[in-house]
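Structure, as structure tokens:
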Amino acid sequence: MASTGSLSRFAGEGIAERDLLELYRRMVLLRTYDERSVVYHRQGRIGTYAIFWNHEAIQAGATYALRPEDWIFPSYRESAIGLVRGMPVETILNWWRGHPDGWWSPADWNVASIAVPIASQIPHAAGLAWGKKLRGLPEVAMCFFGDGATSEGEFHEGVNLAAVMNAPAVFVCNNNQWAISTPLEAQTRAETIADKAVGYGIPGVRVDGLDVLAVYTAAREAVERARSGGGPTLIECVHYRAAPHATADDPRAYIDAARVEEERANECVGRFERVLEEAGILTPEHAASVKTECEELMRAGIAAAEATPPADPELLFRNAYVDPPGNMRRG
Ligand SMILES: Cc1ncc(C[n+]2csc(CCOP(=O)(O)OP(=O)(O)O)c2C)c(N)n1
Ligand SMILES: [Mg+2]
């Protein structure tokens, strides 16, 4: 499994200090969003929330390989991925508040809607990527999904279609080894998820999902291959879920507590922070200012979300019917 080890080799690979610091900022932004969201949930200010604590290296690392015109297809686990594109915090918070202002137009950000039905975003990403190829556009679709999603028909259909059409797609599997309470060993007999790529005739790579630079370099290679006509890649990012599935879940009933402890001690933001500090790239002052800036962004975001006027109930019907049935019309 690919892991980066020391930082020294990156200078030679075109990863400058400013890239490392921007990756760090994005990870902290995602981490802050996630931690504050759990607090907002406990305060009753947002609804049930899918925690992505310790998935930041995957999300920041993989998307850093993209250009703004490339597309991102998130699942609920990547709900805040738009932040890396500058999407306002309140838009995403409003999604979790069930407010229609949280439904952004995908074309505004090249970020598709958050997919809650497992694996449903995979054929969408394959289709968009194929469409880009048909139009001769040099753009790539990056699709995120979990280990559990690889058992769905839509995983097979989407990845196979993308492979057969040689579509510019990058499939990023967040293998946190759990699908709510279903462990990976009950999900598949395959030794690795990356192995599944063989069946589609595409490259499959396996990286340490807590190592942002391992994820980034694997994604960069996959994106370059896709953009230059080399077709899709499946990237498996391996870690172990260190937080509940969502705010409504109590994993003590099923998870390996010692393994969670180990994972938390090695959590991805602190790990990258130590690497950057040891290399003399990040100072404690800079780290503190990034954290303060992200916390302020969250404070402003929740205030803006809560100041959003209530939605018009008519909206429920507006885009559903051209001619509403009689029993839905007011008398
Ligand atoms: C089609 C479908 N079936 C079942 C569910 C219920 N469900 C919600 S999350 C989840 C587990 C998904 O696990 P995984 O793909 O590993 O993603 P993770 O939550 O670990 O990121 C399931 C089964 C759903 N949302 N959609
Ligand atoms: Mg999972």
Side-chain angles (χ1 to χ4, degrees), residues 1 27 30-31 33-35 37-38 41 47-63 72-82 92 95-96 98 111-126 142-159 170-197 204 206-210 215 234-256 259-260 263-264 267-268:
M1 182 160 56
M27 287 174 82
L30 290 165
R31 171 64 56 90
Y33 180 94
D34 184 74
E35 290 186 341
S37 291
V38 173
H41 168 75
T48 301
Y49 170 69
I51 303 159
F52 59 78
W53 197 90
N54 218 19
H55 295 65
E56 299 88 346
I58 300 172
Q59 299 179 11
T63 54
I72 300 171
F73 286 77
S75 81
Y76 53 83
R77 190 70 69 207
E78 295 82 26
S79 65
I81 202 86
I92 308 160
W95 191 87
W96 286 107
V111 178
S113 310
I114 300 167
V116 177
I118 306 300
S120 56
Q121 71 278 23
I122 303 176
H124 298 168
M142 177 177 279
C143 184
F144 291 88
F145 51 89
D147 44 299
T150 65
S151 299
E152 293 282 353
E154 283 170 299
F155 168 78
H156 169 69
E157 291 155 17
V159 178
V170 177
F171 298 104
V172 181
C173 179
N174 145 42
N175 178 6
N176 61 15
Q177 308 193 42
W178 291 94
I180 313 185
S181 56
T182 302
L184 185 64
E185 60 269 21
Q187 198 70 251
T188 180
R189 290 293 298 272
E191 209 165 294
T192 76
I193 286 175
D195 283 351
K196 292 178 186 249
R206 202 162 191 251
V207 297
D208 175 351
L210 299 188
V215 176
L234 173 62
I235 302 175
E236 175 189 3
C237 304
V238 186
H239 62 128
Y240 188 89
R241 210 188 69 215
H245 167 76
T247 47
D249 172 43
D250 180 1
R252 284 174 304 181
Y254 59 85
I255 214 156
D256 177 348
R259 185 71 202 281
V260 168
E263 203 73 359
R264 292 184 79 88
E267 59 84 15
C268 65

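Not measured: the values here are computed from a predicted model. We count residues from 1, following the sequence as given. For the numbers below, each heavy atom of this structure counts, side chains included, while hydrogens, waters and symmetry mates do not. Counting convention: from 1, in listed order, for ligands and their atoms alike.
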ask   = Between the side chains of Asn54 and Tyr240, does any donor sit under 3.5 Å from an acceptor?
value = no

Ile180 N/O to ligand 1 N/O under 3.5 Å = no

ask   = Hey, is the main chain of Trp53 close enough, under 3.5 Å, to the side chain of His55 for a donor-acceptor pair?
value = yes

query = If waters are left out, how many protein N/O/S atoms lie within less than 2.8 Å of the Mg ion (ligand 2)?
reply = 3

query = For atom 19 (O) of ligand 1, which candidate among Phe145, Phe155, Tyr76 holds the nearest heavy atom?
reply = Tyr76

query = Using heavy atoms and a threshold below 4.0 Å, how should the contact between Arg241 and ligand 1 be classified: side chain, backbone, both, or neither?
reply = neither

key: Per-atom contacts of ligand 1 with Ala179, taking only distances under 4.0 Å to non-hydrogen atoms   = 11 (C), 12 (C), 13 (O), 16 (O)

key: Nearest protein heavy atom with distance in Å, relative to atom 25 (N) of ligand 1   = Val116 O, 3.1 Å

inquiry  = Side chains of Ser79 and Trp95: any donor to acceptor distance under 3.5 Å?
reply    = no

Taking atom 1 (C) of ligand 1 as the reference point, the nearest protein heavy atom with its distance = Ile118 N, 3.6 Å

request  = Please could you name the atoms of ligand 1 that Asn174 approaches to less than 4.0 Å, counting only its heavy atoms?
outcome  = 21 (O)

Taking atom 14 (P) of ligand 1 as the reference point, the nearest protein heavy atom with its distance = Gly148 N, 3.4 Å

Taking atom 15 (O) of ligand 1 as the reference point, the nearest protein heavy atom with its distance = Ala149 N, 2.9 Å

